[in-house]
Amino acid sequence: MRTGSRGAGALLLAMLTCAACANGAPSSRKLFDRFLAASNDHDLETIGAMTANDIVWRLGPWTLNGRDQAMSLHYADLINHTTLQARDVVVRGDTVECTLIERNDATRAYGPDSLVHHVRYVFRNGMVTLKEAWKRDTSIAELNRHSEPFRAWVRATHPEALAVILDSTGAPRFTRDAVQEQHQMLERWIAAGKPGLQQR
């Protein structure tokens, strides 16, 4: 009886899956692949169209709410030439979990060479509604440690930039202006010979 029940359950699941395919709804894996490709192409139009207005993006100790804040980070990826490589992709219904390997101008400038993120995406109605870590993520802390010489240089030489990059609590501002200012400071620090890095 149990074997028969399992067989009937598997058949029902297959029929439902086929029905969903027949309705033309893209699978979560297809949505993820499309979103990742747009991220690597820095196609902000496609990314914006696939990002829910009320998206919640948990990034280390910070939570971004809404499309505008989320898009500021995709803009940062554009000007920092970020590339993402997905590994160990697992799909569960509307949820996709994977390991992302990130490289960009900042990681190349002060290290580490790459960041490892364990990311969960939730898709609804063809859009990302949630992005968060599914496993403890040490990348943000590691990045902060490596970037201290750069941040110390900005504090010492361009304190006026801090008001653009950080809010009154010292947390990063998730705006395009802040992203652009930080990247300009990074380019100046590199041009100055990355002061402080060799003494780390």
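A side-chain donor-acceptor contact under 3.5 Å links Arg151 and Ser147. Looking at Glu142 and Asn144, their side chains never bring a donor and an acceptor atom within 3.5 Å of each other. Side-chain contact annotation: Asn80 with Thr82, donor-acceptor N/O pair under 3.5 Å absent.
Counting only distance, with no hydrogens or angles, the side chain of Trp189 and the backbone of Val154 share no donor-acceptor pair below 3.5 Å. Side-chain N or O atoms of Asn104 include one that pairs as donor or acceptor with a backbone N or O of Ala106 at under 3.5 Å. Formation of a donor-acceptor pair under 3.5 Å by the His158 side chain with backbone atoms of Arg155 is not found in this model. Between the side chain of Arg173 and the backbone N or O of Ala163 there is at least one donor-acceptor pair closer than 3.5 Å. Distance alone, capped at 3.5 Å, places no donor-acceptor pair between the Arg176 side chain and the Ser72 backbone. Between the Ser28 side chain and the Val91 main chain, no donor and acceptor come within less than 3.5 Å of each other. A donor-acceptor contact shorter than 3.5 Å links the side chain of Gln69 to the backbone of Asn65. Judged by distance alone, with hydrogens and angles left aside, the side-chain atoms of Arg120 form no donor-acceptor pair with the main-chain N or O of Glu132 at under 3.5 Å. For Asn40 (side chain) and Leu84 (main-chain N/O), a donor-acceptor pair under 3.5 Å exists by modelled atom type.
Residues Val56 and Arg58 meet the side-chain proximity criterion, which asks for heavy atoms closer than 4.5 Å. At a threshold of 4.5 Å between non-hydrogen side-chain atoms, the residues Glu102 and Thr83 do not count as touching. The side-chain heavy atoms of Lys131 and Val119, taken from C-beta on, include a pair separated by under 4.5 Å. Here the side chains of Val116 and Leu100 are not in contact, with every heavy-atom distance at 4.5 Å or above.
Between Lys194 and Ala109, the shortest heavy-atom contact is NZ-O, 3.0 Å. Residues Tyr121 and Cys98 share a closest heavy-atom pair of CE1-SG, 4.2 Å. Across all their heavy atoms, Leu73 and Phe174 have their closest contact at CD2-CD2, 3.8 Å. Residue Leu36 comes nearest to Ala86 through the heavy atom pair CD2-CB, 3.7 Å, listed as atom of the first residue, atom of the second, then distance. Closest approach of Pro26 and Lys30 over heavy atoms only: CB-CB, 4.5 Å. Nearest approach of Ile165 to Met185, heavy atoms of both residues: CD1-CG, 4.4 Å.
If you look at Phe123 and Phe32, their ring centroids are not closer than 6.0 Å. Residues His74 and Phe35 place their aromatic rings such that the two centres sit under 6.0 Å apart.
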Taking it one step at a time, do Val96 and Val89 satisfy side chain to side chain contact (heavy atoms under 4.5 Å, CB included)?
CA-CA 7 Å; Val96 177; Val89 179; 3.7 Å; yes
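Note: His81 and His183 have perpendicular aromatic rings, judged against thresholds of 30 and 60 degrees for the angle between ring planes.
Surrounding CD of Glu45 are at most 12 heavy atoms belonging to other residues, nucleotides or ligands under 6.0 Å away. Atom CG of Asp43 sits in a crowded spot, with more than 12 heavy atoms from other residues, nucleotides or ligands closer than 6.0 Å.
Tyr110 contributes atom OH, which lies 10.0 Å from atom CG of Asp105 (distance to the nearest 0.5 angstrom). The OG atom of Ser39 sits 4.0 Å away from atom CD1 of Ile47, with the distance rounded to the nearest 0.5 Å. Here CG of Leu186 is found 9.5 Å from CD1 of Ile79. Values are rounded to the nearest 0.5 Å.
Salt-bridge annotation for Arg103 and Asp113: present, with a side-chain N of the basic residue lying under 4.0 Å from a carboxylate O of the acidic one.
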